[in-house]
Amino acid sequence: MDLEKKPAAPAAAPAELRASDADRDRIAHILADALAEGRLTADEHSERLDSLYAVKTVGELEVLVRDLPAPGGPAAAPAYGLNPAPAHATGQAAVSETVVAVCSSSTRKGRWRPGAHTRVVCVLGDVTIDLTEAVFEQQVTEIDVTSVLGNVEVTVPENVTLRGYGSGVLGNFEVHGEGRAESTDPSAPVVIIRGFALLGNIEARPKLGARLVDLALKLRKRLQG
């Protein structure tokens with residue numbers, strides 16, 4: 001006996017689909033390129049970046065970049081670091097790193113190259129992420145932090161734009177110096193801290209007196225001098 005077939009539920013229109021992390025990363029890259037090329041001011045970039053993590057659908061994300069060119073054109077030279085172009089502009093996969101501290105400690109500091117995405121997991125331990133001497137190879141650097149009965153501290157140069165999106169349950173999530181227009185540099189990288197603290201601590205702050213400089217420019221001046 002043939003069973004009556006029920007019609008399949010209509011698929012949601014692409015614009016109505018819930019946005020994924022990959023969708024948000026794509027829009028973040030377009031916004032970063034627009035800031036570097038002077039198409040957006042620092043305030044406009046900051047405002048759209050806030051909306052990026054507040055909206056829920058793909059259609060709402062597209063509204064944020066509808067007045068900007070699609071990616072894939074000539075890449076602008078980065079203002080900081082020695083890499084000629086960010087990874088997403090050259091078609092390379094974004095570099096990811098995972099930092100884990102379970103009943104132990106872990107540190108990243110000095111002259112190191114943070115990837116576009118860094119994941120930090122801290123359980124009954126301590127993690128220190130020091131970006132004050134880091135070489136940024138992309139405009140937007142995201143650090144996703146999970147702290148359970150642990151302590152995570154992130155330090156950035158004072159002229160980097162620092163943004164925070166997170167919460168704590170019987171714990172602490174704090175981003176200091178967020179939106180300090182008087183000290184941030186519109187052409188400097190943006191560092192986004194996203195995290196959740198359960199009976200733990202997540203804290204990010206700029207280090208006063210530590211400024212990110214144009215390393216390529218300093219190298220050229222040294223060679224010419």
Side-chain angles (χ1 to χ4, degrees), residues 18-25 28-29 32 49-50 52-54 80-83 86-88 92-180 183-184 188-212 215:
R18 302 280 292 196
S20 67
D21 288 341
D23 293 326
R24 298 184 196 278
D25 290 344
H29 290 154
L49 201 61
D50 285 339
L52 176 67
Y53 295 98
Y80 295 87
L82 302 177
N83 201 36
H88 69 272
Q92 301 174 359
V95 178
S96 297
E97 180 180 4
T98 300
V99 179
V100 179
V102 179
C103 296
S104 62
S105 62
S106 184
T107 301
R108 295 288 186 276
K109 65 178 182 179
R111 302 297 297 164
W112 67 295
R113 289 174 165 78
H117 295 84
T118 298
R119 185 178 197 81
V120 178
V121 179
C122 181
V123 180
L124 289 168
D126 290 283
V127 174
T128 299
I129 305 292
D130 188 344
L131 298 169
T132 55
E133 298 181 14
V135 177
F136 292 85
E137 296 182 326
Q138 59 281 324
Q139 182 68 22
V140 179
T141 298
E142 297 188 18
I143 303 178
D144 296 322
V145 183
T146 301
S147 176
V148 180
L149 292 168
N151 180 63
V152 179
E153 295 184 359
V154 181
T155 308
V156 304
E158 66 173 350
N159 58 326
V160 164
T161 299
L162 183 61
R163 315 293 292 177
Y165 306 91
S167 60
V169 175
L170 298 177
N172 179 57
F173 177 90
E174 289 188 48
V175 175
H176 303 276
E178 187 176 7
R180 285 163 46 100
S183 60
T184 57
V190 177
V191 176
I192 299 173
I193 310 296
R194 291 192 283 183
F196 174 74
L198 175 61
L199 293 168
N201 177 65
I202 300 172
E203 189 171 358
R205 66 173 66 245
K207 183 178 180 180
L208 300 181
R211 297 184 63 84
L212 191 65
L215 299 178

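Positions are given from 1 along the sequence.
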Closest heavy-atom contact between [X] and [Y]?
X    : Y    : value
F173 : G168 : CB-N, 4.4 Å
Q138 : P189 : O-CB, 4.1 Å
R108 : T98  : NH2-O, 4.4 Å
V100 : S106 : O-CB, 4.1 Å

Please tabulate, for side-chain N and O atoms in residues 190-206, each donor-acceptor pair with protein atoms closer than 3.5 Å (sequence neighbours left out).
residue : atom : partner : partner atom : Å
R194    : NE   : D144    : OD1          : 3.3
R194    : NH2  : E142    : OE1          : 2.5
N201    : OD1  : N172    : ND2          : 2.5
N201    : ND2  : N151    : OD1          : 2.6
E203    : OE2  : H176    : NE2          : 2.9
E203    : OE2  : R205    : NH2          : 2.3
R205    : NH2  : H176    : NE2          : 3.4

Any chance you could measure [X], atom [atom1], to [Y], atom [atom2], to the nearest 0.5 Å?
X    : Y    : atom1 : atom2 : result
R113 : E97  : CZ    : CD    : 13.0 Å
L131 : I143 : CG    : CD1   : 5.0 Å
T161 : Q139 : OG1   : CD    : 8.5 Å

Indicate yes or no: at least one non-hydrogen side-chain atom of V145 is less than 4.5 angstrom from one of I129.
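They are not in side-chain contact.
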Side chains of R163 and V175: does their closest heavy-atom pair fall under 4.5 Å?
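Counting from C-beta outward, R163 and V175 never come under 4.5 Å.
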Hey, does the side chain of R24 reach the backbone of L52 with a donor-acceptor pair shorter than 3.5 angstrom?
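Yes, because the side chain of R24 sits within donor-acceptor range (under 3.5 Å) of the backbone of L52.
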Taking only residues two or more places apart in sequence or in another chain, which ones pass side chain to side chain donor-acceptor pair (under 3.5 Å) with T132?
D130
